[in-house]
Chemist: 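Pasting in a structure now, in structure tokens, and then I'll have a few things to ask.
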Amino acid sequence: MITKHYVTPPRGIALKFEGIIDMKELYRQMKLWLEDKGYAKEDTIEKSYVEKIKPEGKQIEILWEGGKKISDYITYKVKVTFLFLNTSEVEVQRENVKIKLYKGNFQIFIVGIVEEGIGDEWESVGPFRRLYHNLIARRRTQDYINELYNKIYSFQDSIRKFLEIRT
């Protein structure tokens, strides 16, 4: 049996920004952070990408999912949902170079989950799983929850810093 412990609200912690951003660089920085921390790989992170053209601009929805196996019993899961509304490309002059940025309403939701009891081997041990959970894992689980909580909020801070520097 898998038990999920959300370290964020189930919908995720939200970052909302309206204005002009370098969406490609934001995307790259976030992906690098997740890869460097071991939560994702370049070729498996993106689960969906939907782009819709609307009269007021593009609407882009992206879902990333990643995870990190901590032990046979504990796994960290990270989900990132991007919702970009009314986006359009704009050209901006930076140091004698014109670059394409995006203008719109940008929302990012980050969800962190600690899953315990992963793996078929835990299902087959029956009452020993309960004994292990009650005597050993319960104390450790709270440490894992705190660790992922700190990492998720560190990730959020890095995104905020990016948006403040580049806006």
Side-chain angles (χ1 to χ4, degrees), residues 1-51 58-87 101-122 129 132-167:
M1 184 171 110
I2 297 172
T3 304
K4 292 183 179 186
H5 303 279
Y6 283 87
V7 302
T8 62
R11 179 163 159 73
I13 53 175
L15 284 156
K16 297 179 180 181
F17 175 78
E18 191 166 340
I20 298 173
I21 66 168
D22 186 342
M23 197 161 65
K24 290 178 184 176
E25 184 62 19
L26 172 65
Y27 196 84
R28 189 182 78 75
Q29 291 288 331
M30 289 177 65
K31 191 180 278 191
L32 279 175
W33 192 97
L34 290 169
E35 288 172 0
D36 286 348
K37 304 295 185 218
Y39 296 104
K41 294 182 181 171
E42 171 76 31
D43 55 346
T44 60
I45 189 170
E46 193 168 281
K47 300 302 177 190
S48 72
Y49 181 98
V50 178
E51 187 174 304
K58 286 184 187 178
Q59 177 178 321
I60 302 169
E61 296 176 42
I62 304 166
L63 174 63
W64 286 356
E65 290 182 356
K68 183 177 186 179
K69 186 173 181 175
I70 303 303
S71 69
D72 287 340
Y73 193 71
I74 298 289
T75 301
Y76 292 164
K77 299 285 184 176
V78 177
K79 296 181 183 180
V80 179
T81 304
F82 299 87
L83 183 57
F84 301 151
L85 304 170
N86 306 330
T87 59
L101 301 178
Y102 287 84
K103 179 181 179 181
N105 182 336
F106 305 94
Q107 300 174 25
I108 301 169
F109 300 92
I110 306 166
V111 178
I113 304 167
V114 174
E115 291 182 347
E116 66 176 317
I118 308 298
D120 294 334
E121 63 273 8
W122 288 103
R129 179 190 181 278
Y132 174 80
H133 176 72
N134 290 332
L135 294 178
I136 299 168
R138 187 179 307 185
R139 284 181 248 137
R140 290 183 183 169
T141 299
Q142 190 57 48
D143 291 338
Y144 291 125
I145 290 169
N146 293 339
E147 180 182 13
L148 184 59
Y149 175 91
N150 290 333
K151 289 187 180 191
I152 293 293
Y153 281 89
S154 171
F155 183 42
Q156 179 194 36
D157 286 343
S158 72
I159 298 166
R160 280 190 177 164
K161 286 178 185 171
F162 176 88
L163 291 173
E164 288 173 7
I165 290 170
R166 289 168 175 78
T167 59

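On a predicted model such as this, the values are computed, not experimentally measured, just so you know.
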Chemist: Just how far is it from atom OG1 of Thr141 to atom CG of Asn146, taken to the nearest 0.5 Å?
Modeler: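 Reported to 0.5 Å precision, the distance equals 11.0 Å.
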Chemist: Using the ring pair (Phe, Tyr, Trp, His ring centres under 6.0 Å) definition, which of the options Trp64, Phe17, Phe106, Phe109 pairs with Phe82?
Modeler: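 One option only clears the test, and that one is Trp64.
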Chemist: If I compare all heavy atoms of Val111 with all of Gly12, which pair ends up nearest, and what's the gap?
Modeler: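 Minimum heavy-atom contact is CG2-CA, 3.5 Å.
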Chemist: Quick check for you: to the nearest 0.5 Å, what is the distance between Leu15 atom CG and Phe162 atom CZ?
Modeler: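 That separation rounds to 12.5 Å.
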Chemist: Take atom OH of Tyr6 as the centre, draw a 6.0 Å sphere, and report whether it contains more than 12 heavy atoms from other residues, nucleotides or ligands.
Modeler: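 Enclosed: over 12 neighbouring heavy atoms sit under 6.0 Å from OH of Tyr6.
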Chemist: Evaluate whether atom NZ of Lys47 has more than 12 neighbouring non-hydrogen atoms of other residues, nucleotides or ligands under 6.0 angstrom away.
Modeler: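 Yes, enclosed.
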Chemist: Determine yes or no for a side-chain-to-main-chain donor-acceptor pair under 3.5 angstrom, with Lys68 supplying the side chain and Lys37 the backbone.
Modeler: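 Flag set: sc Lys68 to bb Lys37 pair under 3.5 Å.
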Chemist: Just how far is it from atom CG of Asp22 to atom CG of Leu101, taken to the nearest 0.5 Å?
Modeler: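 The CG atom of Asp22 sits 5.5 Å away from the CG atom of Leu101.
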Chemist: Side chain to side chain contact (heavy atoms under 4.5 Å, CB included) for Val78 and Lys151? Distances and angles first, verdict last.
Modeler: CA-CA 10 Å; Val78 177; Lys151 289 187 180 191; over 6 Å; no
Chemist: Please examine the side chains of Arg140 and Ile74, heavy atoms only from C-beta on, and report whether any two atoms are closer than 4.5 Å.
Modeler: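 Not touching, per the 4.5 Å side-chain cut-off.
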Chemist: Not counting sequence neighbours, list each pair that qualifies as a ring-ring contact (aromatic ring centres under 6.0 Å, His included) and has a residue in residues 28-50.
Modeler: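 The answer is Trp33-Phe155.
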Chemist: Given the rule in the salt bridge (Lys or Arg N to Asp or Glu O under 4.0 Å) test, do Glu25 and Arg28 qualify, once you have shown the distances and angles that lead to the verdict?
Modeler: CA-CA 5 Å; Glu25 184 62 19; Arg28 189 182 78 75; 2.9 Å; yes
Chemist: How long is the gap from CD on Glu115 to CG on Leu148, to the nearest 0.5 Å?
Modeler: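 Glu115 atom CD to Leu148 atom CG measures 11.0 Å (nearest 0.5 Å).
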Chemist: Hey, what do you get for CD (Glu51) to OG1 (Thr87), rounding to the nearest 0.5 Å?
Modeler: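 Answer rounded to 0.5 Å: 7.0 Å.
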Chemist: Given Ile13, which of Ile108, Val7, Ile110 fulfils the side chain to side chain contact (heavy atoms under 4.5 Å, CB included) condition?
Modeler: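 Output: one option passes, namely Ile110.
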Chemist: When you look at Met30 and Leu34, which way does the side chain to side chain contact (heavy atoms under 4.5 Å, CB included) test go after all the steps?
Modeler: CA-CA 6 Å; Met30 289 177 65; Leu34 290 169; 5.5 Å; no
Chemist: So Tyr144 and Tyr76, would you call those rings parallel, tilted or perpendicular, with 30° and 60° as cut-offs?
Modeler: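 Answer is perpendicular, since the angle exceeds 60°.
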Chemist: List in chain and number order the residues that pass side chain to side chain donor-acceptor pair (under 3.5 Å) with Asn150, two or more places apart in sequence or in another chain; answer none if no residue qualifies.
Modeler: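 Listed in chain order: nothing, the list is empty.
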Chemist: To the nearest 0.5 Å, what is the distance between OG1 (Thr75) and CD (Glu116)?
Modeler: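 It comes to 10.5 Å.
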Chemist: Does NZ belonging to Lys79 count more than 12 external heavy atoms closer than 6.0 Å?
Modeler: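 No, the 6.0 Å shell around NZ holds no more than 12 heavy atoms from other groups.
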